[in-house]
Amino acid sequence: MFSESTRKPTRPTRPRYLPRHMRSPQNGNDAFLDTGAPELTRSRFYSPQPVQSTRGRGRGRGPWFTARRNPNWEDEKFDELEIVDDTLEEAYVTNNLQAYEDIPVQAYEDIPVQASGDNVPPPVKTFAEIDLGDGLKLNIRRCNYIKPTPIQRHAIPIAVAGRDLMACAQTGSGKTAAFCFPIISGVLKNTLLVARHGGGGGNAVACPLALILAPTRELSCQIYEEAKKFAYMTRVQIAVAYGGTSIYNQLRRLERGVDILVATPGRLVDMIERAKVSLKMIKYLALDEADRMLDMGFEPQIRRIVEQMDMPPPGTRQTMLFSATFPDEIQRFASDFLSDYVFLAVGRVGSSTDLIVQRVELVQEMDKRNHLLSLLRSQRSNGTPHSKVQLASSNLIGVLFCTMPSLDSYKHADKEILFNVLQHALTLVFVETKRRADELERWLSRNGFSAIAMHGDKVQMEREQALRSFKSGATPILVATDVASRGLDIPHVAHVINFDMPKNIVDYVHRIGRTGRAGKCGLATAFFSDKNFNLAKSLAEVMKESNQEAPTWLVQHAENYSASGGGGWVRRGGVDFGGYDLREDIASSSTYNDIYGVPAIDGHYDAVSVDAPTLLGSGDDDYLVASDMNHNAAAAPYGYGSIVASGWD
DNA sequence: AAAAAAT
């Protein structure tokens, strides 16, 4: 049993970043509540004058300078971006969200933790308990990671002990850091850094010590940015390789030496075949969204990289697989890559977090468009525009969604504010095909909603532009295929709409996991059509697992027809997300409950982390947030208030 | 029958 200390009363919080689209036009400067809180005077969070060019500070030295190095990033926020330093902690300011403290939120919940394997290293309660190295530790502090999340508490000691790991944890619970910290720490301790260039000379072959694979380009980008932040000012060199963009720049980067390579499979294979990369020095291999990487479409490529290139075999490298879901079948594939691994499941695997309010609506195919329009219209019209928008900290989105069923018990004024939040929040709409994404984008635009589509038929520039436009709020509706369903950490997504249900329930869990991240709440609406009844049972189960109220028609159908649903991910009466160690001969196994801090009213894991929203600047129009480097996929630290870490999964 | 991932 591991339990957290008692609930902290009221935490001081930093002022919140308010994205452009949530600011009141006439009142941009006051987007942060004036609460009589101490002024930020000394803190360099405040950039009183435009920050000087970072040129003198060393081009490419760290993630905090990333924005400047990439000419494509034109967001004005980055022009003012300045390094976060140790004055972080001084920036705490209280805000009046405490006024909402009386809104009932379940304080704690036991979360099940299953850890099995030989001699499983015990979890820690703080980052300080683990020897991660000074440089990394300082960066963790810089990033405001105050306390580890449950998956981090359990996975990091296991990984630092050098063990192979198969880890499952809910979407938005901080998986990226859970594998990045041990890898960076391990690379730092590695005395073999000399081996960066295998060949030497102009034809250098890059020999990274660590490889992190991800299923989409945007996700690998996000992990890259995140990892760079963690490795800031250490000697650890990180590079990224993905398709859809010039390979030459990526190769040039590799020639400068790389310790950790983040990649999508295709581009990596290309580079290996060109003899620009060798995997012979790999000590750490991490697969993010591991079940996805090992499913039908991907498995041959991954197997090729892991087994048929020059990667050291299991046992001589450390392999870590992470995902929110881990079906049995995939676990079996995965065990080929592992050696004496620890299986870890934190939380109810496959269930979404309770923080996502899930609604299911029965909609006929032909009615979907109009249904979506009226849904968006009511979202837009509920509330009074402008007046109180600046109150709309995204924390309140959480309040709204968490309390939606009992919203009537709140004062009208509060409701108004809350609806304002929803009105200005980002909405992510998932569709089945690339074509439908384009069609729906056009339809929404024609009908007065600013929407943009993202899918794999767009060129990479367009994909990234769409994502950027969505993140910034310039286009508050994103219509996407499953390219956006996994891992992407997009702050301020308040509403995920499954316009078309995914084929299997695993994808549903990942899709809705784009909201409700890092302790914030979110809303997920499913358009359930005649074609989806094969999903009824598994959907009803997921909702039940997540303490959601499923409509009776769904439950009834689920009971009457035990049609397996879930596209084959089914096990004895249950949905198979994994969550159970398949090995039968494991020496030891422990299952216990961990006490998990459920977000306090302002959306932070009360017991897990201290709020740290990280305001950087204020001025005419500069709202600088360390964490909001999410735009560039950098990140934010855990628990960090209204700003969500990127790479959370 | 579909998305993704190299050119």
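Sequence lines set the chain letters: A, B, ... in the order given, protein chains first and strands last, and positions in each chain run from 1.
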- Does Arg217(A) place a side-chain N or O at less than 4.0 Å from the phosphate oxygens OP1/OP2 of dA6(B)? yes
- Task: Give the rounded distance in Å between these two atoms: CZ of Arg511(A) and P of dA3(B).
- Result: 11 Å
- Item | Phe298(A), nearest nucleotide to its side chain (from dA5(B), dA3(B), dA6(B)) | dA5(B)
- Message: Could you tell me how far apart Gln301(A) (CD) and dT7(B) (P) are, to the nearest whole angstrom?
- Response: 12 Å
- Query: Rounded to the nearest Å, what distance is computed from the CD atom of residue Glu273(A) to the P atom of nucleotide dA6(B)?
  - Reply: 12 Å
- Task: Check whether any side-chain N or O of Thr481(A) sits under 4.0 Å from OP1 or OP2 of dA4(B), and answer yes or no.
- Result: yes
- Query: Contact class for Val269(A) (heavy atom, under 4.0 Å): base, sugar-phosphate, or nothing?
  - Reply: nothing
- Query: Charged N to carboxylate O below 4.0 Å: is that the case for Asp295(A) and Arg292(A)?
  - Reply: yes
- Message: Please pick, from dA5(B), dA6(B), dA3(B), the nucleotide with the shortest atom-to-atom distance to any side-chain atom of Arg463(A).
- Response: dA5(B)
- Message: Taking the side chain as everything from C-beta on, heavy atoms only, tell me whether Arg163(A) gets closer than 4.5 Å to Met320(A).
- Response: no
- Query: Is there a donor and acceptor pair, one atom on the side chain of Arg486(A) and one on the base of dA4(B), closer than 3.5 Å?
  - Reply: no
- Message: Starting the side chain at C-beta, find the nucleotide from dA5(B), dT7(B), dA4(B) nearest to Glu218(A).
- Response: dA5(B)
- Item | Value in whole Å for how far the C1' atom of dA1(B) lies from CG of Asn504(A) | 14 Å
- Item | Toward the 5' end of DNA chain B, by each residue's nearest nucleotide, Ile247(A) or Lys434(A) | Lys434(A)
- Indicate yes or no: does Asp288(A) engage Lys175(A) in a salt bridge with an N to O separation below 4.0 Å. no
- Task: Send over the distance from Leu251(A) CG to dT7(B) P, rounded to a whole Å.
- Result: 12 Å
- Query: Which listed nucleotide (dA5(B), dT7(B), dA3(B)) is nearest to the side chain of Arg267(A)?
  - Reply: dT7(B)
- Query: Roughly how many Å is it from NE2 in His455(A) to C1' in dA5(B), rounded to a whole number?
  - Reply: 16 Å
- Atom-pair distance (OH on Tyr248(A); C1' on dT7(B)), nearest Å: 10 Å
- Contact class for Gly297(A) (heavy atom, under 4.0 Å): base, sugar-phosphate, or nothing? base
- Are any of the side-chain nitrogens in Arg435(A) or Glu439(A) under 4.0 Å away from the carboxylate oxygens of its partner? yes
- Would Arg303(A) and Glu307(A) pass as an ion pair if we require N to O under 4.0 Å? yes
- Query: Hey, does the side chain of Thr264(A) come within less than 4.0 Å of dA6(B)'s phosphate (OP1/OP2), counting only N and O?
  - Reply: yes
- Query: In whole angstrom, what separates Leu287(A)'s CG from dA4(B)'s P?
  - Reply: 20 Å
